[in-house]
Participant: 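Mind looking over this structure? Questions follow.
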Amino acid sequence: MGMAALGSASALGLTTISTRRSAQAAEHSQAVVIGTGYGAAVTALRLGAAGVPTVMLEMGQSWTKPGEDGTIFSDMLTPDRRSTWFKDRTEMPLASFLWMDVANRDIEPYAGVLDRVHHGDMSVYVGRGVGGGSLVNGAMAVTPKRWYFEEILPEVNADEMYGRFFPLANSMLGTNHIDPEWFERSRSYQFARVSRAAAEKAGYKTNFVPSVYDFEYMRREEDELVPRSALAAEVIYGNNHGKRSLDKSYLAAALGTGNVTIETLSEVRDIAQQQDGSYALSVKRIDEFGNVLGIRQLTTQHLFLGAGSLGSTELLVRARDTGKLPNLGEAIGQGWGNNGNVMLGRANLPQDLVGPLESGMPAMGIDNWDDPANPVFAEIAPVPAGLETWASLYLAITRNPERGSFRYDPGADRAVLQWREEQGQPSIDAAKQLFDRINSVNGTSYRYDLFGDARAFENRFTYHPLGGLVLGEATDLYGRVKGYDNLYVTDGSLIPGSTGVNPFVTITALAERNIAKVLAEDIPKNT
Ligand code: FAE
């Protein structure tokens, strides 16, 4: 089924997702889904397939129209305004190379595809646009270790998840596996082979990482048979080819039901409940340059939050603390974590050349998660700079017990994350233990030039915001918000701060599980 849906990518182009038409049609919709990321896309597809008229509201753009240069997205080496959500300069995760800010560019503020949201000591990267994080992420499609999933969400039936919902999620997302024989000879994965050798020499295990980037397409890229994307430094500002982002899988299928419409450049600001129990939304509509076109009111019976950990949590923290949804409890805004993210680089030995070509899509990780003393899962990340970098880069996922929470700031009308830099120290300690060993066995050292100052470990940002509306605490065990009927959370804010692997497969599978229950129990049939 997943593959069939992928074939209907053009559905997105053909289906009306224009703001104008739907603005007139949909003052009331039986169901509204906020956002178009993983949780939202799953929910909209299942609602649409069940015959429920559903409007999706997305603050970003639809990324389907090529710009003046003929491409939809800009690459990482020459980013333009399309790269970034309303900033006048790009904000790359690798702040520097040899301490120089080489990768960032001044740009015109615009509704670009990647946002970096600053909250004091922590900033959070998120995707903006139809497809949410799927537009900008590294496509690593990893199912968590079962024992760890059972530990973080003990009340969720793991048999059902591993027997039914993880396989369903992977098939719908179009997860595929690299051909190991090709990996061994591919020029674009020399960087991963060099890192693998260093890890194995220190006694660590590595494994291949499944992906929603089409590895067959990548192989043809390397052979110069098709336009390059992963091999042309495209990742975090979007991929022009090869990646099965949600607009090509779940969202195409959702639109294909004929019951789902998507309204773009539409940011939900406020949620209130009306006397009859339905929900009223205020939606700020902008153009792609940020000019406000108006505030629109929309009502709905069933409201599904899929605005991501930051977005959904902010909506409910604001609704509680401004008195619009006063029955929301203390659990709203708690239990936030960064999935233990920490980034670091190692200097390669001079003879360990990786070459100028690095695939933007990681395909291998160092898997030490089963070590109870020091669980670390480190993705071997590319530095697709187009030249020899003598660097090995890693995004390590660690088991950091620290959690943050959100506080409403009435002046800014914003939910502000409370997270102190020291809370990241357990992640650094864990990564350091593993990579100190790799360095000492291999006679290598850290790179101190990559993060703006002289630090070797960077964890003042995360790619993996999780929690804020934790399953079983802010909601029941199926994402129904406590204190309100017909109000649901679908996305990464349900997960209590950690999944031990890259999170989108977990978010997708959990959303599948929850909406199946909600459709069976809460939504009247034959609507
Ligand atoms: P998400 O995908 O963030 O979608 C939320 C959507 O809601 C966005 O489109 C927002 O624009 C929209 N929105 C927010 N607030 C509002 C509002 N008020 N009104 C209307 N719309 C709103 O949510 N994960 C992996 O598993 N593998 C990877 O390789 C990987 N690499 C990553 C690389 C980068 C650079 C980044 C940023 C993330 C990466 N992730 C990866 C994380 C993954 O993309 C993320 O966990 C999911 O996208 C989260 O899914 P949600 O459904 O929670």
Side-chain angles (χ1 to χ4, degrees), residues 32-43 56-63 76 85 92-93 111 113-117 123-144 169 173 175 209-213 235-238 243 245-247 250-251 262-271 281-285 304-316 318 338-339 341 343 360-363 365 379 381 395 397 415 461-469 489-495 499 501-508 510-511:
V32 166
V33 177
I34 305 175
T36 55
Y38 292 90
V42 168
T43 304
M56 302 185 84
L57 300 170
E58 168 56 53
M59 66 192 276
Q61 302 197 54
S62 163
W63 291 95
M76 295 198 293
W85 181 258
M92 280 288 279
V113 72
L114 182 69
D115 197 359
R116 179 170 179 158
V117 184
S123 57
V124 182
Y125 281 100
V126 291
R128 300 266 180 242
V130 174
S134 77
L135 297 167
V136 299
N137 68 34
M140 298 173 73
V142 194
T143 301
L173 291 166
T175 301
V209 169
S211 178
V212 296
Y213 195 92
V235 190
I236 65 170
Y237 301 140
K243 196 206 268 180
S245 45
L246 289 168
D247 50 324
Y250 272 101
L251 291 170
I262 301 175
E263 298 183 18
T264 58
L265 295 168
S266 297
E267 181 194 357
V268 177
R269 295 293 307 178
D270 281 303
I271 303 170
L281 307 177
S282 313
V283 185
K284 181 171 124 190
R285 296 182 50 239
F304 296 87
L305 305 183
S309 169
L310 290 188
S312 294
T313 305
E314 173 162 271
L315 283 168
L316 291 193
R318 182 189 288 134
N338 65 356
N339 207 19
N341 276 189
M343 193 174 255
M361 299 296 145
E379 138 197 351
L395 179 71
I397 294 171
F461 73 78
T462 183
Y463 288 162
H464 299 167
L466 294 171
L469 305 170
V489 180
T490 69
D491 55 30
S493 41
L494 291 170
I495 295 173
T499 54
V501 292
N502 316 63
F504 73 62
V505 174
T506 312
I507 296 170
T508 304
L510 203 58

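Not measured: the values here are computed from a predicted model. Both counts, for ligands and for their atoms, begin at 1 and track the order of listing. Positions are given from 1, in the same order as the sequence printed here. The analysis underlying the following values was restricted to heavy atoms, covering all of them including side chains, and did not include hydrogens, waters or symmetry mates.
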Participant: Enumerate the pairs of nitrogen or oxygen atoms, one from ligand 1 and one from the protein, separated by less than 3.5 angstrom; state names and distance to 0.1 Å.
Facilitator:
| from | atom 1 | to | atom 2 | distance (Å) |
| --- | --- | --- | --- | --- |
| ligand 1 | 2 (O) | Gly133 | N | 2.9 |
| ligand 1 | 9 (O) | Glu58 | OE1 | 2.7 |
| ligand 1 | 9 (O) | Glu58 | OE2 | 3.1 |
| ligand 1 | 9 (O) | Gly129 | O | 3.3 |
| ligand 1 | 11 (O) | Glu58 | OE2 | 2.7 |
| ligand 1 | 11 (O) | Arg128 | NH1 | 3.3 |
| ligand 1 | 18 (N) | Val268 | O | 3.0 |
| ligand 1 | 19 (N) | Val268 | N | 3.0 |
| ligand 1 | 21 (N) | Met59 | N | 3.2 |
| ligand 1 | 26 (O) | Met140 | O | 3.3 |
| ligand 1 | 26 (O) | Pro503 | N | 3.2 |
| ligand 1 | 26 (O) | Phe504 | N | 2.7 |
| ligand 1 | 27 (N) | Met140 | O | 2.8 |
| ligand 1 | 29 (O) | Gly138 | N | 3.4 |
| ligand 1 | 29 (O) | Ala139 | N | 3.2 |
| ligand 1 | 29 (O) | Met140 | N | 2.9 |
| ligand 1 | 31 (N) | Gly138 | N | 3.0 |
| ligand 1 | 44 (O) | Asn137 | ND2 | 3.1 |
| ligand 1 | 52 (O) | Tyr38 | N | 3.0 |
| ligand 1 | 52 (O) | Gly39 | N | 3.1 |
| ligand 1 | 53 (O) | Gly492 | N | 2.9 |

Participant: Just by modelled atom types, is the Leu281 backbone N or O under 3.5 Å from a matching donor or acceptor in the Asp270 side chain?
Facilitator: no
Participant: Could I get the full list of salt bridge (Lys or Arg N to Asp or Glu O under 4.0 Å) partners for Glu314, not counting sequence neighbours?
Facilitator: Arg318
Participant: Show me, pair by pair, the donor-acceptor contacts under 3.5 angstrom made by side chains of residues 132-142, not counting sequence neighbours?
Facilitator:
| from | atom 1 | to | atom 2 | distance (Å) |
| --- | --- | --- | --- | --- |
| Ser134 | OG | Gly131 | O | 2.7 |
| Ser134 | OG | Leu246 | N | 2.9 |
| Asn137 | OD1 | Ala139 | N | 3.0 |
| Asn137 | ND2 | Tyr38 | OH | 2.9 |
| Asn137 | ND2 | Gly133 | O | 3.1 |

Participant: Taking ring pair (Phe, Tyr, Trp, His ring centres under 6.0 Å) as the test, write out the residues that go with Tyr237, two or more places apart.
Facilitator: none
Participant: For the side chain of Ser266 and the backbone of Thr264, is there at least one donor-acceptor N/O pair under 3.5 Å apart?
Facilitator: yes
Participant: Taking atom types as modelled and ignoring hydrogens, do the side chains of Ser123 and Arg116 form a donor-acceptor contact shorter than 3.5 angstrom?
Facilitator: yes
